[in-house]
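Chain letters run A, B, ... following the sequence lines, proteins first, then strands; residues in each count from 1.
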2 protein chains.
Amino acid sequence: MGRWEPNARGRLEEAALALYGERGYEQVTVAEIAARAGLTERTFFRHYADKREVLFAGSGLLREILVKGVAEAPASAAPIDVVAAALAGAGALLEERRELARARQVVIDANPELQEREVVKLATLATEVAGALRDRGVAEPAASLAAQTGIAVFRVAFESWVGDTGRRELPDIVRECFAELGTLI
Amino acid sequence: MGRWEPNARGRLEEAALALYGERGYEQVTVAEIAARAGLTERTFFRHYADKREVLFAGSGLLREILVKGVAEAPASAAPIDVVAAALAGAGALLEERRELARARQVVIDANPELQEREVVKLATLATEVAGALRDRGVAEPAASLAAQTGIAVFRVAFESWVGDTGRRELPDIVRECFAELGTLI
DNA sequence: ACCTCCATGTCAGTGACTGACATCAGCCTA
DNA sequence: TAGGCTGATGTCAGTCACTGACATGGAGGT
């Protein structure tokens, strides 16, 4: 085995979520998170660019699923349907990690700085989905419009899912919201 | 007259935009902005919550125009059309301040932290537009969907306007993008 | 046995941001 | 007109996020 305990990143993420949940994001110092993970402050910043990022490590996986989902959709599908299907797939991932996703969201909803980062992550996802659509041959501004709109719909669906007590599953809610968008326009 | 030069906020905003433009956001300290405005660092933070916010003071005005536009739309109009019209009105405001808006956007586009804040401001606008729609009797999730979608369209239109060399006017571009969204869905 | 790698530790610094208290022109009131 | 109150600003000391430079020592290869 290694010189140090394995999975430093995982320990940092777990420690951060726990401490943020217990005392609130602002009341926790990076040094405390690192100490709880058995590491030093300096090491925290080698793994995460800043104090917020430790909560958003999972968004890379979401990105992969979305981009892959868009890329692998049947060539005949309309852009907005491609996006809707990919987002339903991403919803399935979150559905699997329901507990974690909710605990995380409670922390984020309690702090404006974290909300800021969350919104940015979603905007980044939209940009990347638009790029994946262009790779399929979708022209601008249709690609950006479909991607931005799709992410906007996903935000609404996610919010509903997190607030819900728990029967309905996220992929279903996503599909319902897209259907409702169709009736709006 | 007062004990100090008037319009401290205006001087701070002007100094910040100039310095950010000259040397880049990260290379400028708050103390330098304050000095250029003939003030101290502490006073800067009495006017703006943080170093970024000085670039976003105008978003309050945009908010008022949007919310007012939504509230005063004819009762018969469909939610998405109400949002489109309000956003075209907001576009007219930016069209008036074209020079300032462009200089500001150049600075923002050069720095991720500022992009972060910008995205948050837009998301906040979306939330407030949704609230204004609900005040008109629009139910959820239609209100949030129309608002989020509308802001998404506005982002696309604004981007096109800023990148454009200058003939087309923002309100027109906004209306065109909404039209194109209609053909997409 | 030696050497290189690399995740981590250590330490000193910069700069954003905050709380507590001081200052003092203008205004209000007696 | 004297005196007190207000509010925008200054001053100062402090915390903490974040960074650069250098040290350390197991693991794995040669």
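In this structure, the separation between OG1 on Thr183(A) and CG on Leu145(B) is 8.5 Å, given to the nearest 0.5 Å.
If you check residues 34-49 of chain B against DNA chain D, the residues with a heavy atom closer than 4.0 Å are Gly38(B), Leu39(B), Thr40(B), Arg42(B), Thr43(B), Arg46(B), His47(B), listed by number. Remark: nothing in residues 104-113 of chain A comes within less than 4.0 Å of DNA chain D through any heavy atom. Non-hydrogen atoms lying under 4.0 Å from DNA chain C are contributed by Val28(B), Thr29(B), all within residues 14-29 of chain B.
In this structure, Trp4(A) atom CH2 and dC6(C) atom P are separated by 12 Å, rounded to whole Å. Between Asp50(A) atom CG and dA16(C) atom P the separation is 16 Å, expressed in whole Å. Look at CZ on Arg52(A): it is 12 Å from C1' on dA16(C), rounded to the nearest Å. Remark: P of dA17(D) and CG of Leu12(A) are 14 Å apart, rounded to the nearest angstrom. Rounding to whole angstrom units, CZ of residue Arg117(A) and C1' of dA17(D) are separated by 13 Å. The CZ atom of Arg3(B) sits 12 Å away from the C1' atom of dT6(D) (whole-angstrom rounding).
Although no hydrogens or angles enter the test, the distance criterion places no donor-acceptor pair under 3.5 Å between the side chain of Arg9(A) and the main chain of Ala57(A).
Residues meeting the ring-ring contact (aromatic ring centres under 6.0 Å, His included) test with Phe45(A), sequence neighbours left out: none. Looking at residues two or more places apart in sequence or on another chain, you find a side chain to side chain donor-acceptor pair (under 3.5 Å) between Arg134(A) and Glu140(A). With sequence neighbours excluded, the residues satisfying side-chain contact (heavy atoms from CB on, under 4.5 Å) with Arg63(B) are Val67(B), Leu125(B), Glu128(B). Shown here are the side chain to side chain donor-acceptor pair (under 3.5 Å) partners of Gln105(A), two or more places apart in sequence or in another chain: Asp109(A), Glu118(A). Take Asp50(A) and apply the side chain to side chain donor-acceptor pair (under 3.5 Å) test, not counting sequence neighbours, and it matches Arg117(A). By the side chain to side chain donor-acceptor pair (under 3.5 Å) test, Thr40(A) pairs with Thr43(A), sequence neighbours left out. Applying the side-chain contact (heavy atoms from CB on, under 4.5 Å) criterion to Ala85(B), with sequence neighbours excluded, gives no partner residue.
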Pairs of donor and acceptor atoms involving the side chains of residues 17-25 of chain A, under 3.5 Å and at least two apart or interchain, shall be tabulated with distances.
unit_1   : atom_1 : unit_2   : atom_2 : d
Tyr20(A) : OH     : Lys51(A) : O      : 2.8
Glu22(A) : OE2    : Arg36(A) : NH1    : 3.4
Glu22(A) : OE2    : Arg36(A) : NH2    : 3.4
Arg23(A) : NH2    : Gln27(A) : O      : 3.0
Arg23(A) : NH2    : Glu32(A) : OE1    : 2.7
Arg23(A) : NH2    : Glu32(A) : OE2    : 3.1

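Across all strands shown, Ala8(B) has heavy atoms under 4.0 Å from sugar-phosphate atoms exclusively, and none from any base.
Screening residues 176-185 of chain A for salt bridge (charged side-chain N to carboxylate O under 4.0 Å, His left out), with sequence neighbours left out, gives Arg168(A)-Glu176(A).
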